[in-house]
Every structure is written in structure tokens, then in C-alpha cells.
Amino acid sequence: MSLEKLRTARCIAGVHQVCKAVKSGTAETVFIAADADHRVLGALLAACAEAGLEPNRTATRAELGEYARLDVSAAAVAILRKH
């Protein structure tokens, strides 16, 4: 899924919040910054593998923050499923 989708989709940001969304099944697509610190990604990567989600790792933290309409950078962003 394209990063452009982050501009209009309902999304959440932050490694811990994205991890919660993946574990609860509410995350549709996961983006992890290519320059994110690998020490904090273990739980998120494991949750994605368990849920069968392949995270998109093409953007930087600054790009993810910009596409998700944040004032700060983001190591992880998830697009939430529509209810």
C-alpha cells in the first residue's frame, strides 16, 4: 500500500500504539521507518509476523510523520481497518 494512503486514512502512530493495534487485529497496514532504532522494534515485528502482516519499510521516520500528518517524525504508523 502506498504512503499516500496515510494522508487520508485513519491511522495511528508510535511503536507501542501500532503494536497494540496489530495484536488486536485493528491494523490493516503497517509502516515501519527504515531508519527506526531496531532495539525498540522487536515486539512490533513479532506481532506483525504473528498476525501475517508484512510491514512496509521504505520510508524514513521524517517521511512517515509527514505522510501521517504529524508535527513530529514517527518510527511506526498503522492504517486502521474500517468498521
Which atom pairs, one a donor and one an acceptor, fall under 3.5 Å between side chains of residues 16-25 and the rest of the protein, sequence neighbours left out?
residue, atom, partner, partner atom, Å
Ser24, OG, Lys20, O, 3.2
Ser24, OG, Ala21, O, 3.2
Ser24, OG, Thr26, OG1, 3.2

Only pairs under 3.5 Å count here: list side-chain donor-acceptor contacts from residues 69-77, not counting sequence neighbours, and write none if there are none.
residue, atom, partner, partner atom, Å
Arg69, NH1, Leu6, O, 2.7
Arg69, NH1, Arg7, O, 2.7

Without placing hydrogens or testing angles, list every side-chain donor-acceptor pair under 3.5 Å for residues 32-43, not counting sequence neighbours.
residue, atom, partner, partner atom, Å
Asp35, OD1, Arg61, N, 2.8
Asp37, OD1, Arg39, N, 3.1
Asp37, OD1, Arg39, NE, 3.1
Asp37, OD2, Arg39, NE, 3.2
Asp37, OD2, Arg39, NH2, 2.7

Practice item. For residues Ala59 and Glu63, report the shortest heavy-atom separation together with the two atoms involved. Key: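 Shortest heavy-atom contact: CA-OE1, 3.2 Å.
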Point to revise | Heavy-atom pair of closest approach, residues Arg81 and Arg10 | key: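 In this case the closest contact between Arg81 and Arg10 is O-NH2, 4.5 Å.
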Review point. Got a second to check how far Asn56's CG is from Thr29's OG1, nearest 0.5 Å?
Key: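 Interatomic distance, Asn56 CG to Thr29 OG1, rounded to 0.5 Å: 9.0 Å.
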Under a 4.5 Å side-chain heavy-atom rule over Ile, Leu, Val, Met, Phe, Trp and Tyr, are [X] and [Y] clustered together?
{"X": "Leu3", "Y": "Ile79", "value": "yes"}
{"X": "Leu53", "Y": "Leu45", "value": "yes"}
{"X": "Val30", "Y": "Val15", "value": "yes"}

